[in-house]
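Notes to accompany the following structure.
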Amino acid sequence: MDNTTKSKTHASESDDAPRSESRRGFLKIAAATGAVVSMSRTRAFANGDIGYHSQELPDDKLIDMYRTALKIRWHERTQADEMLSNPDYRGYNHFYAGQEAVATGICAALRNDGPFDQIDLAYSSHRPSGHAIAKGVDIPKMCAENDFRSTGLNGGYAAEMHLSDPDVGFIGADGMIGPSMPIATGSAFAFRARGSDQVAVVFGGDGTYATPHFHSALNNAKLLDLPFIYVLENNLYHQYAHYSYSCPHKDIANAAAAYGIPSRVVDGQDVFQVYNAAKEAVDRARAGDGPSFIEAKTYRYYNHWGAPGATAGELGAFGYDPLAITSFRPEREVRAWMQRDPIDIARKTLVDWGVLDAAGADAIETEVKAEIAEAFAWAAQQPFCQPEDGLKNVFADGAVPARQFG
Amino acid sequence: MDNTTKSKTHASESDDAPRSESRRGFLKIAAATGAVVSMSRTRAFANGDIGYHSQELPDDKLIDMYRTALKIRWHERTQADEMLSNPDYRGYNHFYAGQEAVATGICAALRNDGPFDQIDLAYSSHRPSGHAIAKGVDIPKMCAENDFRSTGLNGGYAAEMHLSDPDVGFIGADGMIGPSMPIATGSAFAFRARGSDQVAVVFGGDGTYATPHFHSALNNAKLLDLPFIYVLENNLYHQYAHYSYSCPHKDIANAAAAYGIPSRVVDGQDVFQVYNAAKEAVDRARAGDGPSFIEAKTYRYYNHWGAPGATAGELGAFGYDPLAITSFRPEREVRAWMQRDPIDIARKTLVDWGVLDAAGADAIETEVKAEIAEAFAWAAQQPFCQPEDGLKNVFADGAVPARQFG
Amino acid sequence: MAQKSWMYSVLEAVQWEMQNDPRMIWIFELTPPVASNPGKPVINLETEFGRKRVVNTGIDENWMASCCLGASLAGSPAATYIPYQGALMPFQVIQNVAGKLRHMTGGRAQMPVVWIIEMTGQTPGFAGQHSCYEEDSYYAHVPGVRTVIPSTPYDAKGMMHAALRSPDPVVYLYPAGLRTLVEDVPDEPYEVPLDKAAVRQEGNDLTIVSSGGGMPEVLKAAETLQGEGMSVEVVDLRVLKEMDTETLVNSVGKTKRLLTVDQSYYTLGPGAEVIARVATEVEGAKYKRVAFPDAPPPASPEMFVWMRPDAEKIAGAARELV
Amino acid sequence: MAQKSWMYSVLEAVQWEMQNDPRMIWIFELTPPVASNPGKPVINLETEFGRKRVVNTGIDENWMASCCLGASLAGSPAATYIPYQGALMPFQVIQNVAGKLRHMTGGRAQMPVVWIIEMTGQTPGFAGQHSCYEEDSYYAHVPGVRTVIPSTPYDAKGMMHAALRSPDPVVYLYPAGLRTLVEDVPDEPYEVPLDKAAVRQEGNDLTIVSSGGGMPEVLKAAETLQGEGMSVEVVDLRVLKEMDTETLVNSVGKTKRLLTVDQSYYTLGPGAEVIARVATEVEGAKYKRVAFPDAPPPASPEMFVWMRPDAEKIAGAARELV
Ligand SMILES: Cc1ncc(C[n+]2csc(CCOP(=O)(O)OP(=O)(O)O)c2C)c(N)n1
Ligand SMILES: Cc1ncc(C[n+]2csc(CCOP(=O)(O)OP(=O)(O)O)c2C)c(N)n1
Ligand SMILES: [Mg+2]
Ligand SMILES: [Mg+2]
């Protein structure tokens with residue numbers, strides 16, 4: 001059974017949430033009853049105190065968000081299948097599937113095109129494919145990059161962990177945990193110094209909490225009132241350790257709030273709630289009112305890196321991860337989270353709001369699948385890199401000498 | 001007029017604090033009325049919620065604390081005078097005068113002698129002379145070290161910023177701001193691993209708040225429930241910047257409390273209040289109940305480094321500090337803080353408690369001055385270092401080769 | 001005695017030291033201190049010594065390294081495994097505190113601490129930060145820290161015993177590319193000194209000096225060259241600080257030809273120090289350096305494999321030199 | 001044109017660039033960007049450009065350096081002054097992010113950022129952490145970052161203009177011992193290239209190569225030697241990355257004698273790279289290295305002054321070599 005096609009029925013059967021015809025009404029009632037995120041429901045609810053910004057969006061913007069989340073999902077699934085079943089495929093990924101609503105909801109609130117000195121900048125992590133797509137990078141080029149092709153987004157130098165496209169304000173992925181947060185505050189610093197209303201966003205995992213950079217970034221962002229948004233995607237694990245091994249807070253947002261930074265926990269499985277939080281944070285930053293912290297509670301469907309434990313054609317990894325050695329996340333935990341799938345929730349909400357009907361939603365999904373399949377097909381045709389090019393791009397000009405031959 | 005000899009009268013004239021014959025009564029009433037630290041009074045008051053541990057101490061222990069604070073003070077004054085008036089004197093210092101109650105009160109709650117695997121360890125900062133004396137290092141040897149003598153505490157290798165004497169648990173000074181805090185948690189980690197009831201204390205200034213190490217130390221101390229005490233001496237300035245340039249909290253203790261660490265603000269000018277807080281923290285650590293944070297509000301009478309702006313024979317520096325360049329602390333601020341002098345307060349309290357009379361207090365002061373004068377005299381007679389010894393002590397054995405001659 | 005891998009050999013030494021010194025601690029982050037080896041019991045330090053002595057922590061390598069330093073200062077021998085991603089996070093505390101502390105305190109500070117610092121650089125496909133091999137030089141310039149880089153399981157175990165028993169702080173570099181090496185390693189504890197290079201092969205025509213992750217390809221190249229009739233002396237530095245000048249000078253004094261091989265970047269790679277030490281002592285010798293270029297390693301395997309020194313390139317350079 | 005100090009010359013360049021590019025920012029910690037010079041207006045960047053572009057921060061050098069990197073990635077040229085106490089705090093982000101980012105992104109990242117990193121090592125009496133001089137080597141091994149170390153006020157200004165205009169990240173080392181140097185420096189902006197060594201004095205008998213804080217004593221020694229009839233060529237590296245091999249090889253090709261002088265520690269000091277580059281190119285030359293021993297600098301002036309290379313020791317080594 002395809003979850004997405006039955007979503008409406010499913011929702012009406014299992015949800016005890018208040019109902020309303022209108023988007024506004026739906027959300028207002030949810031808020032008034034103080035409904036909160038609950039793992040036992042498939043329906044997402046507004047946190048009571050979040051503004052209702054999504055509902056004010058035009059239909060095409062809402063549909064775009066759904067489409068973006070779908071693109072991320074199908075990029076993930078297609079790449080996982082490639083890794084699992086195509087022996088010629090060389091790419092790899094830190095899969096983002098399960099977290100699509102976070103990247104999508106945040107980037108939907110940002111300025112993603114225009115001149116470089118006017119767009120908002122996003123700093124990503126070692127798990128960048130979702131952020132890259134949401135920020136607007138060219139997907140075929142990204143697929144080519146991930147497979148080390150010379151016509152890839154970054155000429156085959158970057159691969160997954162360093163994807164970068166300043167043209168859409170995607171400063172890029174970073175393989176290290178920690179450094180990107182202070183660096184991102186630096187972009188915010190520049191915006192403030194220039195009197196620009198641009199905003200800098202950094203995406204980081206729950207693993208970033210323990211890094212010394214967490215303190216540096218938040219403290220200085222607060223002291224200088226920087227237009228900086230820290231999006232902490234709490235997917236419960238950093239590599240193979242539960243976040244309680246490194247963090248004494250249940251809600252990491254509390255740690256940020258201690259700096260005096262407006263901080264909130266948001267349901268990371270509901271793209272519209274993420275958008276609501278992002279909208280407020282972006283508005284605050286543009287108005288010169290300083291930084292925000294958003295903790296999105298979310299979950300990744302695959303293991304930390306690559307596709308161990310996954311099966312081609314199926315979503316998620318439940319099996320053994322040979323890299324985990326001593327600690328595993330429980331399969332039931334994975335399955336429980338998959339009950340609140342961000343794609344399902346987005347679709348159901350739009351259907352519920354009357355923005356899409358099931359046929360429309362299906363059509364979009366079909367389009368997206370085709371687009372992603374084409375991207376991978378195009379990438380697979382791209383040329384490999386020239387060995388000597390490894391000596392270029394060390395500095396802006398020229399190439400460094402070869403030294404490997406003596 | 002010598003403040004100290006008239007303290008009793010002075011206190012009765014100017015204080016509107018509640019009175020009592022007994023120590024216990026005095027403090028109890030102070031607490032009951034909710035009296036708090038106030039800059040406008042010369043008398044110190046208990047914070048209402050601090051235990052009354054000082055009062056339970058035997059007289060000789062209380063007198064020891066007074067004597068220790070005095071030793072620190074006269075070491076400072078004597079060295080400042082040397083720097084200002086003896087052209088042959090080569091030592092320097094980051095003067096601690098004004099902060100004596102902090103080092104004294106904290107170290108009075110620690111185990112400072114016995115076998116190395118049973119004593120408590122203290123990590124100091126770039127401003128170590130007070131901590132060193134309070135922890136029990138040999139003062140003449142310290143004076144010799146500060147003047148680069150080969151028989152100094154550390155053979156002339158250390159000078160002021162690296163004084164170290166593991167025999168009394170004084171792991172030592174550190175010229176860097178930040179690194180000592182995580183290192184100190186490491187000693188606490190070892191104690192916990194060994195099942196020892198030892199405690200590790202680190203002294204740091206308000207400047208340490210902004211360092212990334214602040215987060216690392218507190219987060220891990222909390223996560224692992226380490227027997228670790230962070231004593232933050234908030235003397236309002238880090239070098240020439242007010243702490244508000246680097247910290248969004250009025251009370252830095254709030255930042256520590258956010259980690260779930262018992263944290264308190266204490267009057268850093270009252271050695272007995274500092275002791276009270278230290279005693280609780282030490283008890284907690286020894287009982288296996290984890291870390292504590294103590295923010296002592298205090299002030300240094302001299303400028304950041306050396307004696308610029310000071311006059312031989314006079315306490316404190318009010319004049320121009322050529323190193324400050326663009327920012328100065330107001331002279332009135334210095335003078336206001338000197339109204340609540342930690343030595344005066346200790347003396348007055350002990351006289352008030354009937355532990356000492358004025359004559360007894362004077363006698364101690366005379367003894368301490370003589371002891372310090374002798375220490376400096378002894379140090380000045382000590383031999384200089386042998387140049388070649390600079391190649392030793394790089395590793396435990398042997399010496400590294402000379403390379404400066406080619 | 002049994003065939004053991006590099007990591008099993010290391011953990012065997014650590015396990016022995018932890019059994020024999022209840023004060024000793026171990027801190028880790030991603031890589032649990034677990035190793036298995038055919039025919040040998042699984043070593044799991046965490047379960048054997050419990051979660052007070054062996055602790056799994058968050059992503060803060062500077063804290064891990066600092067914590068071990070502080071433990072050692074409190075009298076507990078301490079070791080940690082820093083994954084390559086965090087290899088330079090603790091650099092400042094090692095360089096500016098640990099390396100200087102004994103000297104700064106006039107010999108008072110005792111620091112029985114070992115930082116196992118993983119190095120990568122062996123796997124194509126990971127860009128920049130995940131396939132660089134460069135830490136050797138950074139750490140080797142630091143005084144007061146013994147920087148070693150064993151290249152065989154036997155040395156790895158013996159140097160780990162020596163490192164844990166040393167009152168000096170030790171940076172113990174572990175090139176992850178050596179993971180697959182296996183050789184006969186005694187079960188009982190033994191020490192390999194922390195200040196001696198090893199002559200892996202004797203010869204008269206040419207000296208090749210390398211270390212760590214460079215050694216397997218050097219040995220392969222030497223075999224090829226030997227087959228072609230060249231008499232090659234191969235020196236494995238093993239120790240970067242204090243570097244064993246005598247072995248180097250003796251060898252090149254004999255061969256008059258020195259080829260250095262670094263997987264590290266060319267500029268100020270260990271080979272630079274080797275040549276400089278020899279050139280001031282030996283007259284009339286000839287020199288060549290093979291190294292990774294002064295460029296980050298690119299993701300593309302085509303680029304990366306071409307840039308990385310390997311047996312063929314090393315042999316080519318040797319032929320040019322002799 | 002006027003006689004200007006090193007720091008005044010630098011701030012003059014910074015001031016000009018900030019006046020001409022309103023995007024540019026400056027971050028400082030203890031040392032306000034203020035300089036005065038006889039006969040010249042006081043430069044105060046903070047008051048001139050305001051507290052949004054020029055910011056005084058807390059003690060977090062890694063943040064300062066990272067912030068400038070992020071500003072540059074957002075299109076704002078950025079500079080910061082890292083005091084020597086924090087010289088290695090930002091090492092990891094410079095080494096592992098800034099140095100690799102252009103390459104890792106296939107040339108997409110632009111980083112007009114300059115980190116002025118103070119070095120000490122000149123003053124007796126400050127132990128270990130406060131008188132070490134060692135950062136040159138650490139930073140010079142990093143690829144993708146131009147590491148320069150001007151030794152004169154003229155170069156300091158010209159290289160600062162060049163550095164701020166460069167799209168490459170620049171580690172701009174400032175040996176604090178050069179603080180007292182004064183020379184004629186033009187008022188108008190000009191560039192000194194970021195990839196050329198300078199021949200400070202020509203000669204035929206011997207080449208002495210040094211850099212930064214080593215230069216004043218080298219020049220003094222050269223004068224003494226010249227007075228004794230020795231013809232000395234003095235090369236100031238100025239740039240550690242990319243090192244100007246050609247100038248070095250040409251010089252030693254002529255003199256056949258190379259003396260390197262480092263205030264940095266011996267092992268893997270810049271002199272090691274200089275000798276290694278020359279030795280692979282020039283045959284039959286003779287080499288000597290003067291450097292600070294592989295020991296932290298002790299507090300005692302007696303020990304420190306004896307250990308530090310100075311004109312007399314340099315001249316002594318030169319006499320032995322020629
Ligand atoms: C400084 C540093 N240390 C260690 C690593 C290895 N590492 C890569 S991803 C990761 C876990 C990150 O967890 P989290 O931030 O929660 O992100 P997630 O993988 O869950 O998206 C770790 C430890 C690293 N990349 N950088
Ligand atoms: C990492 C580092 N950066 C800069 C310095 C220079 N420095 C020495 S003391 C000091 C101020 C410290 O202030 P605080 O912690 O409040 O201690 P206080 O001097 O007030 O006792 C600074 C910035 C240093 N020692 N270490
Ligand atoms: Mg995570
Ligand atoms: Mg202070």
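In what follows, every chain begins at residue 1, and chains take the letters A, B, ... in the order their sequences are listed.
The candidate from C/P143, C/S166, C/G144, C/G107 with the greatest count of non-hydrogen atom pairs under 4.5 Å with chain B is C/G144. When each of B/L153, B/L163, B/T185 is checked for heavy-atom pairs under 4.5 Å with chain C, B/T185 comes out on top. Taking B/K392, B/H215, B/R192 one by one and counting their heavy-atom pairs under 4.5 Å with chain C, the maximum is reached by B/R192. Chain B forms the most heavy-atom pairs under 4.5 Å with one residue out of C/R23, C/E242, C/Q92, C/R146, and that residue is C/R146. Taking chain C as the reference chain and counting heavy-atom pairs below 4.5 Å, the highest number among B/N220, B/V400, B/L224, B/N219 is found for B/N220. If you tally non-hydrogen atom pairs under 4.5 Å between each of B/G178, B/G152, B/A396 and chain C, the highest count goes to B/A396. Across C/P167, C/P169, C/A78, C/A71, the residue that shares the most heavy-atom pairs under 4.5 angstrom with chain B is C/A71.
C/M64 is not listed as a side-chain neighbour of B/P182, based on a closest heavy-atom distance of 4.5 Å or more. For the pair B/R194/C/P22, no side-chain contact is recorded, criterion being any heavy-atom separation below 4.5 Å from C-beta on.
Of the atoms belonging to C/Q110, not a single heavy atom falls under 4.5 Å from chain B. In this structure, no portion of C/V54 lies under 4.5 Å from any heavy atom of chain B. With a 4.5 angstrom heavy-atom cutoff, B/H213 touches chain C only via side-chain atoms. Heavy atoms closer than 4.5 Å to chain B are found in the side chain of C/I25, but not in its backbone. There is no contact between B/P212 and chain C, counting heavy-atom distances below 4.5 Å.
Annotation for C/N20: atom CG counts as buried by contact number, over 12 foreign heavy atoms lying within 6.0 Å. Taking a 6.0 Å sphere around CD of C/Q19, one finds it holds more than 12 heavy atoms contributed by other residues, nucleotides or ligands. By the neighbour-count criterion of 12 heavy atoms within 6.0 Å, atom CG of C/D21 is densely surrounded, having more than that number from other residues, nucleotides or ligands. The environment of CD in B/E388 is crowded: more than 12 heavy-atom neighbours from other residues, nucleotides or ligands sit within 6.0 Å.
The closest donor-acceptor contact from the side chain of B/S187 to the backbone of C/G70 lies under 3.5 Å. Judged by distance alone, the side chain of C/D168 and the main-chain N or O of B/F395 form no donor-acceptor pair under 3.5 Å.
Shortest non-hydrogen contact noted between B/P179 and C/V93 is CB-CG2, 4.4 Å. Contact record, B/F189 with C/V55: CZ-CG2, 3.4 Å, taken as the closest heavy-atom pair. Nearest heavy atoms, B/I171 versus C/L73: CD1-O, 3.8 Å.
The SG atom of C/C68 sits 11.5 Å away from atom CD1 of B/I183, with the distance rounded to the nearest 0.5 Å. A distance of 11.0 Å separates CG of B/N393 from CZ of C/R108, quoted to the nearest 0.5 Å.
At a heavy-atom separation below 4.5 angstrom, chain B is approached by C/N96, C/V97, C/R102, C/H103, C/M104 within residues 96-104 of chain C.
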For this session: Starting from the C-alpha separation in whole Å, work towards a yes-or-no answer on side chain to side chain donor-acceptor pair (under 3.5 Å) for B/N154 and C/T105.
Result: CA-CA 5 Å; B/N154 301 100; C/T105 60; 5.0 Å; no

